[in-house]
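Please read the structure below before turning to the comments.
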Amino acid sequence: MSDKKSFPQHVAIILDGNGRWARQRGRERTFGHQEGAANVKTIVRAAGHMGIKVLTLYAFSTENWKRPSLEVRFLMKLFKNYLISQLRELVADNVQVHIVGDVSVLSEGLRKEIAACEKDTAANDGMVLNVAINYGGRMELVHGMREIANEVKEGKLDPSAITEETITSHLYPSDAEDVDLLIRTGGESRISNFLIWQISYSELYFTPVLWPDFTVEELRKAVDWFTGRDRRFGGLTEKDH
Ligand code: IPE
Ligand code: IPE
Ligand code: MG
C-alpha cells in the first residue's frame, strides 16, 4: 500500500523542553509542564485528524524519579488531572488509551484513573494513544525477558523457538508495533531510554522547538519530512537496481 509507505502509521514523541520553556520566561519549571500538558491535548487531537494510527508519548521515564520530589509530585498530579479532564474528549474522539510503563509503583489515585481511562476507551477503534509513564526501554526488555524465561522454565517454550516476534509479543502490548517516525523536541539528539526495540528502523526527527511550542504545524512539518524519506530497510530502492 503506497499510502502506508509514505505516511507514518506509528508516531512516537519524546516531549522535551518544558523546563527550559518556563525558565526562558522567568517562571518555575512546573509552569512549563502545565503548558506542555495543554499542548498534549492539541497534538493528540491533531494526530487523530491527520490519520496517525498509533501515537506514543514519553511523559515520564524511569530516570525522571531523580528530579526534585516537588517536581515529580507535580507531574504525577498533572497526569491524573489530564486523564480525568480528557477522558470525555478522548471517548468522543474515538481514541483508545493505554498507559505503558511500570504503573505498579504509582499512587493508588493515579492507578485508579489509569484503569478507568483504559476501560472507558477500550472499545474505541480510532487512534491508539500510548502514554509512557514510569517507562524505560531497558526495563521493558527486562520485564519481557523475565516472562520469556519463565515460559522456558515451565516447559512452555523451547529456547530455539524464540524469534523476534516472541520478544515483540512480550513488550507492553499496544506499544509493540514498530515506530515509523520518532520525534524529539527540545534540541537533544538522544533517545533517553525510550522505545529501544521498536525504533530499530524508525526515522528520527530532532527539532530544537521546545515541547510547549510544538504546534500542529510543527507536527505536519515532521510528517512531511518523513514522507520524503527513502526507507530501504537494508535493501535497495527501485532506482538502484
Ligand atoms: C520534558 O521536559 C518533560 C518531562 C521529562 C517530564 P523537561 O522537564 O525535561 O524539560 P527540560 O528538558 O528540562 O527543558
Ligand atoms: C526524556 O527527557 C524523558 C521524557 C521526555 C519523559 P529528559 O529530559 O528526562 O531526558 P534527558 O535527561 O535530557 O536525557
Ligand atoms: Mg528534558
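If you read the sequence from its start, that first residue is 1, and numbering goes on from there. Numbering of ligands and ligand atoms starts at 1, following listing order.
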Cation-aromatic face contact R27/F31, 6.0 Å, 45 degrees: yes
Centroid separation Y172 to H143 less than 6.0 Å: yes
Atom indices of ligand 1 within 4.0 angstrom of D16 heavy atoms, with elements: 1 (C), 2 (O), 7 (P), 9 (O), 10 (O), 11 (P), 12 (O)
With a 3.5 Å distance limit and no angle check, can you tell me whether N18 reaches the backbone of T30 through a side-chain donor-acceptor pair? no
Check this for me - ligand 1, F60, N or O atoms closer than 3.5 angstrom, yes or no? no
Short version for A59: what comes under 4.0 Å of ligand 1, heavy atoms counted, is backbone
Please check: side-chain N/O of N124 versus main-chain N/O of G126, any donor-acceptor pairing under 3.5 Å? no
Just checking, any donor-acceptor pair under 3.5 angstrom between side chains of R111 and S104? no
For atom 9 (O) of ligand 2, what's the nearest protein heavy atom and its distance? N64 ND2, 2.9 Å
Please check if atom CZ in R229 has more than 12 non-hydrogen atoms from other residues, nucleotides or ligands closer than 6.0 Å. yes
Identify the protein heavy atom lying closest to atom 5 (C) of ligand 2, giving its residue, its atom name and the separation to 0.1 Å. L15 O, 3.4 Å
Evaluate R29 for polar contact with ligand 1, using N/O atom pairs at a separation under 3.5 Å. yes
For S192, take its heavy atoms, then give the atoms of ligand 2 lying under 4.0 Å from any of them. 1 (C), 10 (O), 11 (P), 14 (O)
Nearest option to atom 2 (O) of ligand 2, as decided by whichever heavy atom of R184, R20, E63 sits closest: R184
Within a distance under 4.0 Å of any heavy atom of H33, pick out the atoms of ligand 1 and give their elements. 3 (C), 8 (O)
Which one of N130, V44, V100 satisfies the side-chain contact (heavy atoms from CB on, under 4.5 Å) criterion with L57? V44
Judged by modelled atom types alone, do W197 and D178 share a side-chain donor-acceptor pair under 3.5 Å? no
Nearest heavy atom to atom 13 (O) of ligand 2 wins, so pick from R190, R67, E188, K66. R190
Ring geometry between Y201 and F233 (parallel below 30°, tilted from 30 to 60°, perpendicular above 60°): tilted
Under 2.8 Å from the Mg ion (ligand 3), is there an N/O/S atom belonging to D16? yes
May I ask whether G17 places a heavy atom under 4.0 Å from ligand 1? yes
Can you tell me which portion of R23 lies within the under-4.0 Å heavy-atom range of ligand 1? Options are side chain, backbone, both, or neither. neither
Among protein heavy atoms, which lies nearest atom 10 (O) of ligand 1, and at what distance? G19 N, 2.9 Å
